[in-house]
Protein chains: 2
Amino acid sequence: MVLTTEIVNDFKNFIKKKGLKYTSEREEILKEILKSKDHFDVDELYMKLRKKGSKVSKASVYRTIPLLVEAGYIQEVYKQDARSYYELTLDKLPHIHFICVKCKNVDEIIDKYLAELIQKEAKNKDYTPLTYHLEIFGICSNCKRRV
Amino acid sequence: MVLTTEIVNDFKNFIKKKGLKYTSEREEILKEILKSKDHFDVDELYMKLRKKGSKVSKASVYRTIPLLVEAGYIQEVYKQDARSYYELTLDKLPHIHFICVKCKNVDEIIDKYLAELIQKEAKNKDYTPLTYHLEIFGICSNCKRRV
DNA sequence: TATATTTTGAAAATAAATCTCAAATTTTAT
DNA sequence: ATAAAATTTGAGATTTATTTTCAAAATATA
Ligand SMILES: [Mn+2]
Ligand SMILES: [Mn+2]
Ligand SMILES: [Zn+2]
Ligand SMILES: [Zn+2]
C-alpha cells in the first residue's frame, strides 16, 4: 500500500518536471482514480467526480488521463464498445482479462508465467516491452449454466 | 493452403444455413479478404475493392465483416486509433502482436506455450475461451537504434 | 503586483461504426 | 419463366467517444 499523499506529491513533481502547471483539476482527477478498485472509463470517472460536487469538465478528464498513463499510475487495459477502460497500475501484478462475450463481465487472472513468456519473446526480437494486454474472450461459468 | 473456391462454397453454405441470401457483394468481400497477407481495417479493404472497380459500399463491408467473423474466417486482432484491425484466421497459429509505439509497426510472434497457458487458466476458472489477443506495446529494434 | 504562459470549460469538430429506408436483388412459389 | 415475398443494398443521416478550438481563468515567474 502506497500513501495517497506521497503519490500526489510525486505527480506534482512529474508535472513540474515537464514544465506544466499543477492544477486543482489534475489533482482532483488523480485522487479520484486512486480510490478506484477496478476498471473504469472516462464517463464513469467523470460521473463520480460530479456526484462529489466537483466542477471538473469531461475535457479535463480526457486531457489528464494521458498524463497519468505517462507518469505510470494508470494503464489502458482494454477497449469495449469503442470505449477505453483503464486501471491503476499500482500494487497490481500484470494479469489476464477474461471478458465474457455474453454478460460482458471482466475477470482478472494473475499468471506468474505470463511475464516470463513476454520477456523471453521480447528479448528474442530485441524489442523493449512497455505494457501488454492479454484478453481472452469467451463464455464465463455463469453464462454457461443459464443457456 | 486451402482453396479459395472451397472456402467460398463453405461460406455460401454458412449464409444459406442462417437463412440469409447469398449476394455478389458478400462474395466479393470474402474473396478480397482471402487475398490479404496481413492485418487490415475496413477502410483499407474498401479502398482495395474500389480500386478493382467494385461497386460495393462501405456499409456492406461493415455488414459482412461480422458474418465472416462468425463463420470463423477472420478475427479482430487489435484496435488502434479507434479503428479495428482484422486478419485471416486460416492457416494461422494464434500469435502475439508486438506493436511499436513509435513507428506503429506490428510484428507477429508465435509462442507455442501461450495456447497452453490460456487453456490452463480457462479450465481453472471454468471459462470457455473463444478467441484471445496478446498485444505487447513497446519499442521495436529499429526505433531503438535511431534515437 | 504585473506579465507571460498554460489550462480550463463549453461547445464545435472529427471520425468510426451503426442505422434508416427506398430501390435493387435474391429466393420461393406458382 | 414470372410473380410475390423477403432480404440486402447504397447513400446518406445518425450516433457517440474522443479531440480540438478559443476566450476566460488560473498558475508560475519576475
Ligand atoms: Mn485488470
Ligand atoms: Mn496477426
Ligand atoms: Zn458471462
Ligand atoms: Zn518502431
Side-chain angles (χ1 to χ4, degrees), chain A residues 8-9 11-33 39-50 52-71 74 76-86 104, chain B residues 8-9 11-32 39-50 52-71 74-86 104:
Chain A
V8 168
N9 208 58
F11 182 53
K12 188 171 180 174
N13 291 335
F14 170 86
I15 290 292
K16 296 275 190 176
K17 202 166 283 171
K18 279 182 75 77
L20 303 177
K21 292 178 178 178
Y22 193 68
T23 66
S24 57
E25 289 82 359
R26 286 173 174 163
E27 186 170 308
E28 267 186 291
I29 292 164
L30 169 59
K31 281 181 174 169
E32 189 57 48
I33 287 175
H39 309 134
F40 61 89
D41 66 4
V42 167
D43 215 62
E44 285 166 26
L45 177 57
Y46 173 68
M47 287 311 182
K48 271 198 223 165
L49 285 160
R50 297 309 293 221
K52 298 201 169 173
S54 170
K55 293 276 181 289
V56 283
S57 67
K58 202 178 271 192
S60 285
V61 176
Y62 272 110
R63 287 187 280 231
T64 302
I65 281 182
L67 293 172
L68 296 170
V69 170
E70 193 189 335
I74 62 174
E76 202 207 78
V77 278
Y78 56 91
K79 293 185 188 201
Q80 201 165 61
D81 306 320
R83 207 177 307 207
S84 292
Y85 285 83
Y86 301 86
K104 306 284 176 106
Chain B
V8 168
N9 208 58
F11 182 54
K12 188 170 180 173
N13 291 335
F14 170 85
I15 289 291
K16 297 275 190 175
K17 201 166 284 171
K18 279 183 75 77
L20 303 177
K21 293 180 177 178
Y22 193 69
T23 65
S24 57
E25 288 82 0
R26 286 172 174 163
E27 186 169 308
E28 267 187 289
I29 293 164
L30 169 59
K31 282 181 174 169
E32 189 59 46
H39 310 134
F40 61 89
D41 66 5
V42 167
D43 214 63
E44 285 167 26
L45 177 57
Y46 173 69
M47 287 310 181
K48 272 197 222 165
L49 284 160
R50 298 307 293 220
K52 296 200 171 174
S54 169
K55 292 277 180 286
V56 283
S57 68
K58 201 176 269 190
S60 286
V61 176
Y62 272 110
R63 286 186 282 231
T64 301
I65 279 181
L67 294 171
L68 296 170
V69 170
E70 194 189 334
I74 61 174
Q75 239 181 302
E76 202 207 77
V77 278
Y78 57 91
K79 293 185 188 200
Q80 201 164 63
D81 307 321
R83 208 178 306 206
S84 292
Y85 285 82
Y86 301 87
K104 306 283 177 105

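Proteins get letters first, then strands, A, B, ... in listed order; numbering begins at 1 in each.
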Checklist outcome for this item: For A:Phe11 and A:Ala71 the tightest heavy-atom approach is CD1-CB, 4.5 Å
Checklist entry - Where each residue is assigned the nucleotide of DNA chain D containing its nearest heavy atom, which of B:Val56 and B:Gly19 is assigned the position nearer the 5′ end? => result B:Gly19
Checklist entry - Rounding to a whole Å, what distance do you find between B:Arg26:CZ and C:dT27:C1'? => result 13 Å
Next on the checklist: It should be established whether A:Ser57 places a side-chain nitrogen or oxygen under 4.0 Å from OP1 or OP2 of nucleotide C:dA10.
Outcome noted: no
Checklist entry - Reading nucleotides 15-28 of chain D from the 5' end, what letters show protein touch, with B for base, S for backbone sugar-phosphate only, - for no heavy atom under 4.0 Å? => result --SBBBB-----BS
Checklist entry - Once you round it to whole Å, what is the distance between P of C:dT8 and CG of A:Leu67? => result 9 Å
Next on the checklist: Listing request: all salt bridge (charged side-chain N to carboxylate O under 4.0 Å, His left out) pairs with a residue in residues 13-27 of chain B, at least two apart in sequence or in separate chains.
Outcome noted: B:Lys18-B:Glu70, B:Glu27-B:Lys31
Checklist outcome for this item: Applying salt bridge (charged side-chain N to carboxylate O under 4.0 Å, His left out) to B:Glu32 and not counting sequence neighbours gives B:Lys35, B:Lys52
Item to check | Test side-chain contact (heavy atoms from CB on, under 4.5 Å) applied to A:Ser24 - qualifying residues, sequence neighbours left out | outcome: none
Item to check | Between P of C:dT8 and CD of A:Glu27, the distance in whole Å | outcome: 12 Å
Item to check | Integer-rounded Å distance: C:dA16 P and A:Gln80 CD | outcome: 21 Å
Checklist entry - Partners of A:Tyr78 by ring pair (Phe, Tyr, Trp, His ring centres under 6.0 Å), sequence neighbours excluded? => result A:His39, A:Tyr85, A:His97
Item to check | Spacing of A:Leu30 atom CG relative to C:dT7 atom C1', expressed in whole Å | outcome: 17 Å
Item to check | B:Tyr46 OH - C:dA16 C1' separation (whole Å) | outcome: 14 Å
Checklist entry - Rounded to whole angstrom units, what separation is found between the NZ atom of B:Lys18 and the C1' atom of D:dT7? => result 14 Å
Would you tabulate the side-chain donor-acceptor contacts of residues 41-48 of chain B under 3.5 Å, counting partners in other chains and residues two or more places apart, or write 'none'?
| residue | atom | partner | partner atom | Å |
| --- | --- | --- | --- | --- |
| B:Asp41 | OD1 | B:Asp43 | N | 3.4 |
| B:Asp41 | OD1 | B:Glu44 | N | 2.8 |
| B:Asp41 | OD2 | B:Arg83 | NH1 | 3.3 |
| B:Asp43 | OD1 | B:Lys58 | NZ | 2.5 |
| B:Tyr46 | OH | B:Arg50 | NH1 | 3.3 |

